[in-house]
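Report on one structure; see the data block that follows.
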Amino acid sequence: KQPDHIPLVLWVIHLQKRRLCLASDTSQEDLVDRQCLIEKYTHLFCHKVFCHPWQRCINGKCICKLPYQCPKNGTTVCSTNGRSFRTYCQQKSYECLYPEAKFLNSGACTETGQFNISLKHGNRDSEGIVEVKLVDQDEKMFICNDSWSITQANVACLDLGFQQGAHDIQGNFHFPEDLYTSATECLQVHCQGFESSLTECTFTKRKINSNRGIAGVVCYTQNAVSSTNDSFQCVNGKPIPQNKACDGVNDCGDQSDELCCKGCHGRSFLCKSGVCIPKQHKCNGEVDCITGDDEIGCKGNSKQKLISPSRFKEQHIQVQALIEETEILTANMDAERKQIKSLLPKLSCGVKPSGPTRRKRVVGGIPAQPGDFPWQVAIREDDKFSCGGIYIGGCWVLTAAHCVRVSKIHRYQIWASLLDWINPNAGITVHMANKIIIHENYNGATYQNDIALIELKKRKTQTDCELPTTVPACVPWSPYLFTPNDKCIISGLGRERDNQKVYSLQWGEVHLIANCSKYYPGRFFEKEMICAGTDDGSIDACKGDSGGPLVCQDANNKTYIWGIVSWGENCGKPDFPGVYTKVANYFDWISHHVGRAIISQYNV
Ligand code: 4AZ
């Protein structure tokens with residue numbers, strides 16, 4: 001309540017503070033993964049988040065695209081430097097390279113239209129009541145407090161040149177009463193949080209409701225606040241209250257408070273990749289988690305129909321009510337961004353043409369059926385099948401470095417679609433190797449970097465490698481796509497326990513094992529290797545399976561090549577799990593050799 005003895009002061013209500021008091025009493029620090037914080041992840045790290053459509057993921061970082069690399073279709077937009085762009089994506093990629101050219105409005109540039117934002121009635125330049133003039137509005141207006149949160153405040157402060165965004169959305173600002181009584185309408189604003197200017201957010205106009213007030217902000221400046229013991233240090237240097245980390249809200253502005261989470265509190269959802277996203281982003285038709293888990297198990301479950309009919313009716317009525325009392329003033333650039341995203345090229349990998357096949361039976365494995373493992377290949381050296389391999393697209397096969405030697409290139413044959421080499425099945429194709437690339441840091445003594453690429457030879461007059469029934473497995477671009485205890489599948493033509501020969505492709509289910517150094521002290525290298533197996537050791541890779549796949553499926557049943565069979569102490573023994581090359585660690589190495597377009601699923 002506004003105190004009676006200060007009639008000229010407008011109290012800007014601090015809704016966030018109220019939320020703070022209601023926060024649960026579980027220790028917020030427990031939710032944060034300290035080890036992960038060392039990596040200093042932000043919204044620019046594609047191991048944790050998707051890049052924007054005007055960026056590409058290169059070496060784990062979101063890098064600016066060049067405008068011509070954007071999809072061509074879209075709406076014309078105007079930037080603050082007076083230039084118009086064919087699409088929002090082109091403007092954003094240009095701005096990504098030249099930050100002074102910000103978004104101004106949707107549509108062509110006009111002579112008169114300018115946007116203005118200023119802070120009024122604060123004690124410093126960095127704080128005050130937010131006043132804006134929209135491009136095609138004549139008058140300056142205030143922002144309704146009930147639409148104001150740290151998300152919009154961060155954008156406003158960034159727009160004003162405060163790189164680290166907002167410190168607080170609270171503030172007691174002295175405000176002339178006559179001005180307050182003459183203003184009858186305020187602007188409601190909604191941002192996503194990635195915007196660099198408030199003009200990219202959606203504005204609607206409505207009557208001022210005096211109880212709810214108008215918005216103010218304190219932008220973050222280094223000398224304005226000192227961090228306390230219980231603050232969370234954002235990667236951009238801004239301290240925020242510890243209980244604002246892992247709540248799904250991007251308080252930092254660079255998202256660094258939401259990317260290293262073991263759990264989420266408040267109204268948020270935990271992605272399997274350890275990222276907290278706002279609850280309203282779950283089942284909204286757009287994938288936010290790199291692991292895809294925010295868009296599964298949604299009611300109706302089809303991408304078009306994500307909300308139930310009754311919920312839709314309810315929302316429709318709410319929207320109708322809103323339209324009656326408000327006026328929409330700006331274009332919806334978030335919808336434009338989604339539209340652009342849908343136009344980006346998509347890579348097809350990791351999906352079997354026949355759909356899901358029968359699940360059930362390497363050591364302890366069961367025989368594969370046609371089409372079960374369309375990415376599996378067998379490497380034949382002279383007259384014996386010596387190793388496995390994985391088709392990843394184009395003319396490229398991934399295998400273990402210890403399986404091949406460059407000097408023996410003429411002695412290898414790569415067999416695709418092979419199920420049984422005693423009774424060969426139909427559809428088998430045999431390929432010679434054109435090139436073998438062994439990882440430059442492969443160590444034959446420790447098996448570090450046990451990874452190699454084989455380029456298949458094209459037949460004369462052919463433009464591709466003719467692998468009719470072979471499907472590429474997806475190459476993982478992030479080490480956060482799968483986690484210990486996830487169930488994955490190994491397959492191969494290798495030996496059974498007791499070194500018994502097998503003639504057919506076998507497979508078995510294993511789980512990813514954490515802390516593998518305890519089984520192989522001094523021999524297991526976390527960054528480059530993964531362990532997988534079963535508790536009793538009953539399912540394992542063995543001699544002859546080397547170079548073959550350990551694959552895992554994501555939330556949308558896309559198959560990723562998570563590991564390459566590398567080594568292990570014996571086969572099928574408890575406490576000696578199989579060790580695999582951690583493919584996610586080699587995404588950049590692979591893309592360097594095969595070309596980004598062949599394996600990049602997002603933002604090529
Ligand atoms: C091998 O000799 C081999 N149990 C491959 C995998 C494992 C052991 C040996 C894992 O190629």
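As the structure is a prediction and not an experimental result, all values here were calculated from the model. Note that ligands are numbered from 1 as they come in the structure, with each ligand's atoms numbered from 1 the same way.
Between the Y391 side chain and the L398 main chain, no donor and acceptor come within less than 3.5 Å of each other.
S256 and F232 get closest at one heavy-atom pair: O-CZ, 3.6 Å.
Aromatic ring centroids of Y520 and W567 lie under 6.0 Å apart. Aromatic rings from F194 and H52 are positioned such that their centres are separated by under 6.0 Å.
Contact annotation: the side chain of T559 never approaches that of V351 to less than 4.5 Å [non-hydrogen atoms, C-beta and beyond].
Between W562 and F482, the angle of the ring planes goes over 60°, which puts this pair in the perpendicular group of the 30/60° scheme.
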When you pair each N or O of ligand 1 with protein N or O atoms, which pairs come out under 3.5 Å?
unit_1: ligand 1; atom_1: 4 (N); unit_2: D540; atom_2: OD1; d: 3.2
unit_1: ligand 1; atom_1: 4 (N); unit_2: D540; atom_2: OD2; d: 2.8
unit_1: ligand 1; atom_1: 4 (N); unit_2: A541; atom_2: O; d: 2.8
unit_1: ligand 1; atom_1: 4 (N); unit_2: N570; atom_2: O; d: 3.0
unit_1: ligand 1; atom_1: 11 (O); unit_2: S546; atom_2: OG; d: 2.7

